[in-house]
Amino acid sequence: MTADELRDLLARDPERAATTVQTLANGGVIAAQLFFGRMLLEGDGTIKSPAAALAWFERAGAHGSAEATNMVGRCLENGWGTAPDVIQALACYAYAAKRGDDWAQYNLAHMYLDGSGVERDVERAAHWCAQAANQGHVRAMNLLARCYEKGWGVFENIAKANDWYRRSAEGGYFRGQYNWATALVAANRMEEAAKWLKRAAQDATPDVRAAIVSYAAQIDHPAMKVIASSVD
């Protein structure tokens, strides 16, 4: 059973999905161990247990899953099922990132950028961000764009920044859509900018949605007034 089939089963019959996934996980199927760990972390179709989730991530990671090792890092960074330990989280991200996991590369980039568990290193942050972005990771694309915009670890290059914001936006990430919209406003492409602001608002967190409304309200253009008045 593939991960997509398991997700479909989870949507249709959560209780049966939990039983099926747990059986496969106990049988040593690495993908099922990772999937079951996520279920336990979120409480999807089973009792929520971050500690049990961490144990399954560790088990899958020990059998070579870079994705699972990244999830161990997430648990350690955020204190899910264990005491927070950013140094060990960094080690997990580094291990998984070197094995090509795009989420680990993105998480590692953030650790270096924020100086969390390690001395701040914007060049390494930009490097790992680029690795993830080039694999199609839309959040990494947005962060790489910010690196080019601010000159963090790379030479400042607004054209490259805008290109990565556009790619992130087209990939469906609301922060990328918001940032691409601001670039379009700077280029006086107001109708296009309004379209992207509207799309960003659909999936944005409440704070970003509020920022979109505030931003649009400050721009004297009919399309922006519509955004400012229509976004809840």
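- Across all their heavy atoms, A94 and L108 have their closest contact at CA-CD2, 3.8 Å.
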*Let me see the working for E170 and R166 under salt bridge (Lys or Arg N to Asp or Glu O under 4.0 Å), right down to the final yes or no.*
CA-CA 6 Å; E170 292 173 351; R166 176 186 58 78; 3.0 Å; yes
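- Sparse packing is recorded around CG of D220, with 12 or fewer heavy atoms of other residues, nucleotides or ligands lying under 6.0 Å away.
- Taking the side chain as every heavy atom from C-beta outward, L41 and M71 approach each other to under 4.5 Å.
- Y112 and E123 form no side-chain donor-acceptor contact under 3.5 Å, judged by distance and modelled atom types alone.
- Taking both residues in full, the closest heavy atoms of F57 and A68 are given as O-CB, 3.4 Å, listed atom of the first, atom of the second, then distance.
- The neighbour count for R124 CZ, taken as heavy atoms of other residues, nucleotides or ligands under 6.0 Å away, does not exceed 12.
- The residue from D121, L90, I87 that alone fulfils the side-chain contact (heavy atoms from CB on, under 4.5 Å) condition with M111 is L90.
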*Test C92 against N70 for side-chain contact (heavy atoms from CB on, under 4.5 Å), laying out the working first.*
CA-CA 6 Å; C92 288; N70 172 68; over 6 Å; no
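- Side-chain contact check for V185 versus M190: some heavy-atom pair is nearer than 4.5 Å.
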*side-chain contact (heavy atoms from CB on, under 4.5 Å) between L197 and Y215: does it pass, once the steps are laid out?*
CA-CA 10 Å; L197 286 175; Y215 176 74; 4.2 Å; yes
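- Under the 3.5 Å distance criterion, the side-chain polar atoms of S168 are left unmatched by any main-chain donor or acceptor of Y173.
- Salt bridge present: R146 and E149 bring a charged side-chain N and a carboxylate O closer than 4.0 Å.
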_Using the rule given for salt bridge (Lys or Arg N to Asp or Glu O under 4.0 Å), can you reason through E67 versus R38, listing the C-alpha separation, both sets of side-chain angles and the distance that settles it, and then say yes or no?_
CA-CA 11 Å; E67 187 177 355; R38 291 185 184 278; 3.0 Å; yes
*Yes or no on side-chain contact (heavy atoms from CB on, under 4.5 Å) for F174 and T205, after CA distance, side-chain angles and deciding distance?*
CA-CA 9 Å; F174 68 87; T205 56; 3.9 Å; yes
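- A pairwise comparison of heavy atoms in D102 and A132 identifies O-CB, 3.5 Å as the closest pair.
- Although no hydrogens or angles enter the test, the distance criterion places no donor-acceptor pair under 3.5 Å between the side chain of E77 and the main chain of V86.
- Heavy-atom minimum distance, C129 versus A109: N-CB, 3.7 Å.
- Side chain of S230 to backbone of V226: a donor-acceptor contact under 3.5 angstrom is found.
- Contact check on D163 versus K160 returns no salt bridge, with no Lys/Arg side-chain nitrogen under 4.0 Å from an Asp/Glu carboxylate oxygen.
- In this structure, T82 contributes its side chain and G79 its backbone to no donor-acceptor pair below 3.5 Å.
- The heavy-atom pair separating G37 from A53 by the smallest distance is O-CB, 3.1 Å.
- Side-chain contact between L40 and K48 is absent, with no heavy atoms from C-beta onward closer than 4.5 Å.
- The two residues A89 and G73 have their closest heavy-atom pair at CB-O, 3.4 Å.
- Put simply, the side chain of D101 never gets that close to the backbone of A97: no donor and acceptor are under 3.5 Å apart.
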